[in-house]
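Remarks on the structure that follows.
Counting from 1, the numbers follow the sequence of the chain as shown.
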Amino acid sequence: VHSVASAFADHFVANSSDTTPLISFNSDKGVLVIDGKCDLDEPAEFFKEISDWIEEYAKSPPKTTILTINLASINISSSKFLLNIIYHTL
């Protein structure tokens, strides 16, 4: 996962694993993609940087944002964090 602590990055990418989805966000194009499995028992750490990036993005998003979510599976622990992402992109 790319760190966003020092400054807002135009792109954010986290590769997928057996329990985490591919995360690909491009603020220049307003394209946010979440694809794969999201079956984390403790998702807070995984979603921390993603949530931080989304909050910064939401401060000055492009005119149009396309959010694509394609999940083969998601557990209840991860759904709270995913809903937070959806809320911030509306």
Side-chain angles (χ1 to χ4, degrees):
V1 175
H2 295 128
S3 178
V4 294
S6 61
F8 179 67
D10 291 338
H11 298 86
F12 183 99
V13 176
N15 292 322
S16 65
S17 72
D18 291 340
T19 59
T20 62
L22 165 73
I23 307 291
S24 178
F25 296 157
N26 182 324
S27 66
D28 293 333
K29 295 182 180 181
V31 175
L32 313 176
V33 176
I34 302 171
D35 184 53
K37 293 181 179 179
C38 198
D39 295 323
L40 295 154
D41 291 329
E42 296 183 28
E45 185 176 331
F46 176 76
F47 280 102
K48 170 71 172 112
E49 287 185 282
I50 297 165
S51 295
D52 290 347
W53 192 93
I54 290 289
E55 286 180 24
E56 287 298 314
Y57 173 82
K59 290 178 183 177
S60 62
K63 188 174 183 175
T64 302
T65 297
I66 300 169
L67 173 62
T68 302
I69 301 172
N70 182 32
L71 294 175
S73 62
I74 185 170
N75 64 10
I76 196 72
S77 300
S78 300
S79 64
K80 170 185 155 187
F81 294 93
L82 186 61
L83 288 173
N84 186 49
I85 290 170
I86 293 168
Y87 172 77
H88 279 92
T89 57
L90 294 178

Hey, can you pull the donor-acceptor pairs under 3.5 Å for the side chains in residues 74-86, sequence neighbours left out?
from  : atom 1 : to    : atom 2 : distance (Å)
Asn75 : OD1    : Ser77 : N      : 3.4
Asn75 : OD1    : Ser78 : N      : 2.9
Asn75 : OD1    : Ser78 : OG     : 2.9
Asn75 : ND2    : Leu40 : O      : 2.7
Ser79 : OG     : Ile76 : O      : 2.8
Asn84 : OD1    : His88 : ND1    : 3.2

Review point. How close do Phe46 and Ile23 get, heavy atom to heavy atom, and via which atoms?
Key: CZ-CG1, 3.9 Å
Check your understanding: What's the shortest heavy-atom distance between Thr65 and Tyr57, and which atoms?
Key -> OG1-OH, 2.7 Å
Review point. Who are the side chain to side chain donor-acceptor pair (under 3.5 Å) partners of Ser24, not counting sequence neighbours?
Key: none
Practice item. Going by the side-chain contact (heavy atoms from CB on, under 4.5 Å) test, name the single residue among Ile54, Ile69, Thr68 that passes it with Leu32. Key: Ile54
Revision key, fill the gap. Heavy atoms of Phe25 and Ile34 approach each other most closely as CE2-CG1, 4.1 Å
Exercise for review: Indicate yes or no: does Lys48 engage Glu45 in a salt bridge with an N to O separation below 4.0 Å.
Suggested key: no
Exercise for review: Would you list the pairs meeting salt bridge (Lys or Arg N to Asp or Glu O under 4.0 Å) in which at least one residue belongs to residues 19-39, sequence neighbours left out?
Suggested key: none
Point to revise | Ser27 to Pro62 - nearest heavy-atom pair and separation | key: O-CG, 3.7 Å
**Study point:** Gap between atom CD of Glu42 and atom CZ of Phe47 - 0.5 Å precision
**Key:** 13.5 Å
Exercise for review: Measure the spacing between CG of Asn15 and CG of Leu22 and express it to the nearest 0.5 Å.
Suggested key: 6.5 Å
